[in-house]
**Student:** 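Here it is: the structure, laid out below.
Whatever order the structure lists ligands and atoms in, that order sets their numbers, starting from 1. What you see below is based on every heavy atom in this structure, not just the backbone, and it leaves out hydrogens, waters and symmetry mates. Note that the numbering runs from 1 along the sequence shown for the chain.
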Amino acid sequence: MSNEELWQAVLAQLQFQISPANFATWLKNTYILSKRDGQLLISVPNNFSKEWLENKYNKLIFHLIRGIDSEIRELQYTVGAPAQPKQPPARPAPSVSADSQLELEELKVDRSTNLNSKYTFDAFVVGPFNELAHAASLAICKSPGCVYNPFFVYGGVGLGKTHLLQAIGTQIGKDFPEKRIRYMSSERFTTGVVSAIRNHTMDNFRSLYRDLDILIIDDIQFLAGKDKTQEELFHTFNVLYERGKQIIFSSDRPPKSIPALEERLRSRFEGGMIADISNPDFESRLAILKTKIAEHGMTLPDDICDYVAAHIQRNIRELEGALNRLFASYRLNKKMPTLQEARALLHSVIQNPNKVVSHKKIIQMVAEFYDLKEKELCALSRKKEVVRPRQIAMYLLREELKNSYPLIGKRFGGKDHTTAIYACEKIGKELQESEILLDEINLIKQRIYSG
Ligand code: ADP
Ligand code: MG
């Protein structure tokens, strides 16, 4: 593997672990200058980059490099020549160079809307974990501003909030070219407010936002405690809302759980449609993997796909990271890793290998614990001896696997998601009062995780 290929493989993984803005700022125009006696010398464009990479990202970069080339023992950064002398590739390169990749990424972002064209609905896999948010998004695209306004999507990191929000913006841009659309992070909105105050350009700032047809603000939880920004957003919101303009937010938690959020803003958020994205279930993770593999124009044996989908459960960004690792190994060795090699490659990404459970295991263990047949537990029966264990099983699917309520309903004979919500809330509440129940559930968990 050439130095360039090695660095390219590192960058490919890094971009999933740090924000796009940081990636562009600190890693642009970096490359490997030399590799000698286990020491890798990395050229960076300036002292700022050097400091940042040394202090903030060195550990991460080192970790990634070691995952690819275990002979490297030390990283050093040096402020180097402004640009890497580029040799023409001998054969069509399997991957673009770091530089051109950054440029490509930047090109994909539209300057007026801030939307990145790679986030489309076509590339968005839908499963029980995100189907509500997805359906609402499609409805919004059909008639922006008319249904579900404001639209508030929440869910943990790496589960597809940004992708979905951007896909809405891009789709509306296609179907309604006359509409003015703007996507932005809440940090960027905050920066806008702060500099407008400092430069006495508040009028400009306001009219910029208030003339929009579609306003999309990502990661609204970062507005917590920023009073001036919240106030500005509140007024912008009201103006847009009254004019029937579509407003879309995302957050890592529901409005009522955002601390230090002004009550009037919270109630605005809650006045519209709120949809959550939960953790993808096994089948969805597999579907996402297959989609991403196809997007790369690659193939991966089924046993490895199953392994990755079964073991990387936390979020979709990690799934992508795992794939990149496998592809980097493919480029290095010119052959796909075997299942055993894949396990070794992904070892550090997969935490708590013994803590992996499936919904089947949970259902099996609950049934066993209450001396029921799995079939009975999952059927529609309302017999008293079955109802309660079923509620407990539902609760555990939610707590341990973060399954969505619609999925939990489906797993138990096609029950409605409201039944699942009711069960989880009921058991959750009871747990706080009943030691007996607490014991029971702990015992069941023990079986789940030890068996
Ligand atoms: P969040 O904003 O919730 O942290 P992102 O939208 O940035 O998550 O998603 C992380 C990565 O996973 C992105 O590369 C995104 O394209 C991908 N991704 C998320 N959800 C899906 C999905 N349903 N189908 C395909 N890819 C997805
Ligand atoms: Mg995001």
**Student:** Strictly distance-based, threshold 3.5 Å: is any side-chain N or O of Arg390 a donor or acceptor partner for the main-chain N or O of Ala423?
**Tutor:** no
**Student:** If I take atom NE2 from residue His359 and atom CG from residue Asn403, how far apart are they, to the nearest 0.5 angstrom?
**Tutor:**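 Result: 8.0 Å between the selected atoms.
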**Student:** For the pair Asp219 (side chain) and Ser186 (backbone), establish whether a donor and an acceptor sit closer than 3.5 Å, ignoring hydrogens and angles.
**Tutor:**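 Side chain of Asp219 to backbone of Ser186: no pair is present.
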**Student:** Nearest to atom 2 (O) of ligand 1, what protein heavy atom do you find, and at what distance?
**Tutor:**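 Heavy-atom neighbour on the protein nearest atom 2 (O) of ligand 1: Thr162 OG1, 2.8 Å.
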**Student:** Within 2.8 Å of the Mg ion (ligand 2), is there any N, O or S atom belonging to Thr162?
**Tutor:**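 True for Thr162.
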**Student:** Applying a strict 4.0 Å limit to heavy atoms, is Gly155 in contact with ligand 1?
**Tutor:**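 No, that is not the case, since the closest heavy atom of the residue is not under 4.0 Å from the ligand.
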**Student:** Stepwise, does the side-chain contact (heavy atoms from CB on, under 4.5 Å) test hold for Met394 with Tyr405?
**Tutor:** CA-CA 9 Å; Met394 288 182 167; Tyr405 294 121; over 6 Å; no
**Student:** Is any N or O atom of Tyr119, backbone or side chain, closer than 3.5 Å to an N or O atom of ligand 1?
**Tutor:**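 By distance alone, the answer is no.
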**Student:** Just which atoms of ligand 1 are under 4.0 Å from any heavy atom in Gly160?
**Tutor:**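 The atoms of ligand 1 under 4.0 Å from a heavy atom of Gly160 are 1 (P), 3 (O), 5 (P), 6 (O), 8 (O), 9 (O), 19 (C), 20 (N).
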**Student:** Report yes or no: is the cationic atom of Arg264 (NZ for Lys, CZ for Arg) under 6.0 Å from the centre of the six-membered ring of Phe234, at an angle within 45° of the ring normal?
**Tutor:**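 So Arg264 does make the cation-pi contact.
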**Student:** List every atom of ligand 1 that sits less than 4.0 Å from any heavy atom of Ala123, numbering the atoms from 1 in the order shown and giving each element.
**Tutor:** 24 (N), 25 (C), 26 (N)
**Student:** Quick one: nearest non-hydrogen protein atom to atom 14 (O) of ligand 1, plus distance?
**Tutor:**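 Result: Glu320 OE1, 2.8 Å.
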**Student:** Report the distance from atom OG1 of Thr191 to atom CZ of Phe189, rounding to the nearest 0.5 Å.
**Tutor:** 10.5 Å
**Student:** Taking distance alone, with no angle check, do Ile316 and ligand 1 share an N/O pair under 3.5 Å?
**Tutor:** no
**Student:** I'd like to know if Gly156 contacts ligand 1, where contact means a heavy-atom distance under 4.0 Å to any ligand atom.
**Tutor:**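 The answer is yes, since Gly156 has a heavy atom less than 4.0 Å from ligand 1.
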**Student:** For Asn130, take its heavy atoms, then give the atoms of ligand 1 lying under 4.0 Å from any of them.
**Tutor:**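 Answer for ligand 1: 23 (N).
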**Student:** Could you establish whether Lys292 and ligand 1 come within less than 4.0 Å of each other, counting only heavy atoms on the residue side?
**Tutor:**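 It does, in that a heavy atom of Lys292 comes within the 4.0 Å cut-off of ligand 1.
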**Student:** Indicate yes or no: does an N/O atom of Ile288 lie under 3.5 Å from an N/O atom of ligand 1?
**Tutor:** no
**Student:** Is the shortest side-chain N to carboxylate O distance from Lys290 to Asp302 below 4.0 Å?
**Tutor:**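 Salt bridge flag = yes for Asp302 with Lys290.
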**Student:** Distance under 6.0 Å and angle within 45° of the ring axis: does Lys415 meet both against Phe412?
**Tutor:** no
**Student:** Compute the minimum heavy-atom distance from Thr291 to ligand 1 and say whether it is under 4.0 Å.
**Tutor:** no
**Student:** Return the closest protein heavy atom for atom 4 (O) of ligand 1 as residue, atom name and distance.
**Tutor:**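 Of every protein heavy atom, Gly158 N, 2.7 Å lies nearest to atom 4 (O) of ligand 1.
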**Student:** Would a distance-only check, ignoring hydrogens and angles, find a side-chain to backbone donor-acceptor pair under 3.5 Å from Ser251 to Pro254?
**Tutor:** no
**Student:** Near Val157, which atoms of ligand 1 are under 4.0 Å from a heavy atom of that residue?
**Tutor:**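 Going through ligand 1 atom by atom, the ones under 4.0 Å from Val157 are 4 (O).
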**Student:** Any idea which of Leu164, Val125, Asn116, Leu289 brings a heavy atom closest to atom 23 (N) of ligand 1?
**Tutor:**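 Answer by nearest heavy atom: Val125.
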**Student:** Under the 3.5 angstrom rule, does the side chain of Gln246 hit a backbone N or O of Tyr148 as a donor-acceptor pair?
**Tutor:** yes
**Student:** Checking a contact table here: which protein heavy atom is nearest atom 16 (O) of ligand 1, and how many Å away?
**Tutor:** His163 ND1, 2.7 Å
**Student:** Closest non-hydrogen protein atom to atom 7 (O) of ligand 1, residue and atom name please, with distance?
**Tutor:** Arg317 NH2, 2.9 Å
**Student:** Scan side-chain atoms only and decide if Tyr77 and Asn58 contain a donor-acceptor pair under the 3.5 Å cut-off.
**Tutor:** yes
